[in-house]
Chemist: 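Mind looking over this structure? Questions follow.
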Amino acid sequence: MVKAGLEDIVAAESSICDVDGTAGRLIYRGYDIHDLAENSTFEEVIYLLWFGQLPTKSELDKLTKDLNSNRALPKPVIDALHNYPKKALPMEVLRTAVSMLSMYDPDGDDNSIPASTRKATRLMAQFPTIVAYWDCIRNGRDLKAPKEDLTIAANFLYMLKGETPDEVSTKSLDIALILHADHELNASTFAGRVAAATLTDMYSAVVAAIGTLKGPLHGGANQEVIKMLIEINDPEKAKAYVEKKLAEHQKMMGFGHRVYKTEDPRAHHLRIMSEELGKRLKDERWYKMSREIEEVVFKQKGLYANVDFYSASVYYMLGIPIDLFTPIFAISRMSGWAAHILEQLSNNRLIRPRADYTGARNLKYAAITSR
Ligand code: CMC
């Protein structure tokens with residue numbers, strides 16, 4: 001009997017990321033996620049994921065310069081963004097714009113590892129621009145040229161809101177980006193690796209990954225969480241709301257995980273941020289509701305909050321529009337996707353599993369008139 005969903009199947013060897021679901025540990029290239037969340041920056045983590053070690057100062061300066069100088073989008077891509085229907089979902093826009101960008105990449109159809117690394121750098125730089133520009137375009141705001149002296153987190157908030165963000169907002173987003181950067185063979189990364197293994201190009205593999213992340217069982221869950229919190233709107237009503245949902249056998253978005261059987265270590269940092277941002281805004285509703293929900297879901301179902309649960313209230317309190325939550329996940333995960341695609345290319349074999357056939361056999365073709 002095949003276990004549905006490839007559960008527990010080891011499908012690749014990888015030195016990028018380890019998820020220990022029993023101990024609740026997450027490691028990027030040997031470094032514990034808690035250490036990285038508390039001490040590093042997203043740019044350092046990108047270097048770590050792509051090149052296997054933490055950068056020296058000059059290595060980090062070089063990568064930062066490459067990332068910061070590649071943020072602008074080609075004019076035809078900006079023109080296309082202006083022509084998309086205003087109701088287009090940001091994840092649809094990201095998927096489509098990334099696909100279009102491949103036709104303007106200076107490395108063209110060179111899919112060697114050095115060229116693919118350059119393509120990944122451009123994509124990493126341009127993802128935030130696409131997301132921020134789309135929000136400006138659909139709301140009729142002017143587009144801000146990216147600022148090269150700002151970090152990825154600060155520049156994204158700047159392009160989105162039109163003003164340089166404060167330190168707390170920048171730091172919160174930076175930590176969220178670190179926490180979402182990679183997660184072993186999650187569904188979107190696996191999709192990216194499957195595509196890459198056919199020796200297609202970096203853009204095609206990333207488009208496959210974006211489309212996969214969009215689903216509500218994966219990156220789309222954070223948007224569903226905030227919709228639920230808005231619907232509840234009062235910590236006093238949270239318990240009854242959850243009890244009703246569970247009694248109706250409905251899924252609680254932001255809970256459960258295929259690998260973690262204990263607390264998702266990423267949720268720990270996001271929970272702290274959610275509490276701190278609430279205090280800062282003098283509106284602890286979102287955090288308090290989240291805590292209530294967490295308690296009831298654990299008591300009744302034994303399920304822990306995953307990364308999407310507290311990231312929802314964090315992004316909401318940072319003033320980020322709800323349908324940009326999953327694109328922000330994509331901005332961060334672009335770093336992990338690229339690391340995995342490059343790793344796949346460095347030791348490639350086509351990924352082609354088998355299916356256990358359960359259909360009919362030995363049927364005889366009958367002419368349509370006699371069926
Ligand atoms: N709410 C209620 N029940 C749940 C939930 C949940 N969120 N998650 C799992 N269960 C129950 C499920 O009903 C099933 O119970 P039973 O055996 O009685 O039918 C049991 O737990 C196993 O669930 P499953 O859906 O077979 O587990 P899975 O490993 O296939 O799914 C999951 C993992 C993350 C898709 C699932 O937990 C889920 O749908 N969670 C909600 C969506 C979500 O938050 N997704 C984000 C995942 S973390 C970030 C990411 O990777 O993108």
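Counting convention: from 1, in listed order, for ligands and their atoms alike.
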Chemist: At a 4.0 Å threshold, what atoms of ligand 1 neighbour a non-hydrogen atom of Gly219?
Modeler: 52 (O)
Chemist: With a 3.5 Å distance limit and no angle check, can you tell me whether His269 reaches the backbone of Leu179 through a side-chain donor-acceptor pair?
Modeler: no
Chemist: Considering only non-hydrogen protein atoms, determine which one is nearest to atom 1 (N) of ligand 1 and report residue, atom name and distance to 0.1 Å.
Modeler: Met252 N, 2.9 Å
Chemist: Do Ser204 and Asp201 pair up side chain to side chain, a donor and an acceptor below 3.5 Å, judged on atom types alone?
Modeler: yes
Chemist: Which part of Glu224 is near ligand 1, with near meaning a heavy atom under 4.0 Å away: side chain, backbone, both or neither?
Modeler: neither
Chemist: More than 12 non-hydrogen atoms from neighbouring residues, nucleotides or ligands closer than 6.0 Å to NZ on Lys245, yes or no?
Modeler: yes
Chemist: Quick one: does Ala221 get an N or O within less than 3.5 Å of an N or O on ligand 1?
Modeler: no
Chemist: For Arg266, is at least one N or O under 3.5 Å away from an N or O on ligand 1?
Modeler: no
Chemist: Passes salt bridge (Lys or Arg N to Asp or Glu O under 4.0 Å), Asp135 versus Arg141? Steps please.
Modeler: CA-CA 8 Å; Asp135 194 60; Arg141 296 195 303 274; 2.8 Å; yes
Chemist: Quiz question for you: does at least one protein heavy atom lie closer than 4.0 Å to atom 31 (O) of ligand 1?
Modeler: no
Chemist: Please check if a non-hydrogen protein atom sits closer than 4.0 Å to atom 17 (O) of ligand 1.
Modeler: no
Chemist: Against heavy atoms of Gly254, which atoms of ligand 1 measure under 4.0 Å?
Modeler: 43 (C), 44 (O)
Chemist: Would a search of protein heavy atoms around atom 24 (P) of ligand 1 find one under 4.0 Å away?
Modeler: no
Chemist: Do you see a protein non-hydrogen atom under 4.0 Å from atom 14 (C) of ligand 1?
Modeler: no
Chemist: When you measure from atom 52 (O) of ligand 1 to every protein heavy atom, which one gives the shortest distance, and what is it?
Modeler: His218 ND1, 2.6 Å
Chemist: Report yes or no: does Asn222 contribute a side-chain atom to a donor-acceptor pair with the main-chain N or O of Ala312 at less than 3.5 Å?
Modeler: no
Chemist: Which ligand 1 atoms, with their elements, are less than 4.0 angstrom from a heavy-atom of Lys301?
Modeler: 3 (N)
Chemist: Is at least one protein non-hydrogen atom found at under 4.0 angstrom from atom 20 (C) of ligand 1?
Modeler: no
Chemist: May I ask you to identify the nearest protein heavy atom to atom 33 (C) of ligand 1, giving residue, atom name and distance to one decimal place in Å?
Modeler: Arg258 N, 3.8 Å
Chemist: Among all protein non-hydrogen atoms, which one is nearest to atom 45 (N) of ligand 1, and what is the separation to 0.1 Å?
Modeler: Leu217 O, 3.1 Å
Chemist: Can you check whether a protein heavy atom sits less than 4.0 angstrom from atom 11 (C) of ligand 1?
Modeler: no
Chemist: Are side-chain heavy atoms of Glu343 and Ser14 found at a separation under 4.5 Å?
Modeler: yes
Chemist: Please say whether the positively charged group of Arg371, taken as NZ for Lys or CZ for Arg, lies over the ring of Tyr365, i.e. under 6.0 angstrom from the six-membered ring centre and within 45 degrees of the axis.
Modeler: yes
Chemist: Can a donor-acceptor pair be found between the side chains of Trp337 and Ser188 at a distance below 3.5 Å?
Modeler: yes
Chemist: Looking only at atom types and distance, does a side-chain atom of Ser335 sit under 3.5 Å from a main-chain N or O of Ile46, one as donor and one as acceptor?
Modeler: no
Chemist: Report the residue from Asp20, Asp35, Asp32 that forms a salt bridge (charged side-chain N to carboxylate O under 4.0 Å, His left out) with Arg25.
Modeler: Asp32
Chemist: Report the residues that fulfil salt bridge (charged side-chain N to carboxylate O under 4.0 Å, His left out) with Glu276, sequence neighbours left out, ordered by chain and then residue number.
Modeler: none
Chemist: Kindly say whether Thr56 contributes a backbone atom to a donor-acceptor pair with the side chain of Glu59 at under 3.5 angstrom?
Modeler: yes
Chemist: Which atoms of ligand 1 have any heavy atom of Val307 under 4.0 Å away?
Modeler: 49 (C)
Chemist: Quick one: nearest non-hydrogen protein atom to atom 41 (C) of ligand 1, plus distance?
Modeler: Phe255 O, 3.4 Å
Chemist: Could you list which atoms of ligand 1 come closer than 4.0 Å to a heavy atom of Met253?
Modeler: 41 (C), 42 (C), 44 (O)
Chemist: Considering non-hydrogen atoms of the protein only, which is the closest contact for atom 49 (C) of ligand 1, and what is the distance?
Modeler: Asp308 OD2, 3.2 Å
Chemist: State whether the shortest distance between N or O atoms of Leu246 and N or O atoms of ligand 1 falls below 3.5 angstrom.
Modeler: no
Chemist: Out of Val45, Leu48, Leu26, Asn39, which residue meets the side chain to side chain contact (heavy atoms under 4.5 Å, CB included) rule with Tyr31?
Modeler: Leu48
Chemist: Have a look at ligand 1 and work out which part of Phe309, if any, has a heavy atom under 4.0 Å from it: side chain, backbone, both or neither.
Modeler: neither
Chemist: Which protein non-hydrogen atom lies closest to atom 4 (C) of ligand 1, naming both residue and atom, and how far is it?
Modeler: Leu303 CD1, 3.4 Å
Chemist: Decide side chain to side chain contact (heavy atoms under 4.5 Å, CB included) for Val206 and Met334; before the verdict, give the C-alpha distance in whole Å, the side-chain angles of both, and the deciding distance to 0.1 Å.
Modeler: CA-CA 8 Å; Val206 169; Met334 176 58 218; 3.8 Å; yes
Chemist: Are any non-hydrogen protein atoms located under 4.0 Å from atom 27 (O) of ligand 1?
Modeler: no
Chemist: Applying a 4.0 Å heavy-atom criterion (strictly less than), which segment of Asp264 is in contact with ligand 1: side chain, backbone, both, or neither?
Modeler: neither
Chemist: Under 3.5 Å between some N or O of ligand 1 and some N or O of Asn306?
Modeler: yes
Chemist: When rounded to the nearest 0.5 angstrom, what is the spacing between CZ in Arg266 and OH in Tyr310?
Modeler: 15.0 Å
Chemist: May I ask whether atom 6 (C) of ligand 1 is less than 4.0 Å from at least one protein heavy atom?
Modeler: yes
Chemist: For atom 38 (C) of ligand 1, grab the closest protein heavy atom and report residue, atom and distance to one decimal in Å.
Modeler: Lys251 NZ, 3.5 Å
Chemist: Between Lys279 and Glu275, is a salt bridge (Lys or Arg N to Asp or Glu O under 4.0 Å) present by the stated rule, with each step listed?
Modeler: CA-CA 6 Å; Lys279 284 193 175 133; Glu275 183 175 18; 3.3 Å; yes
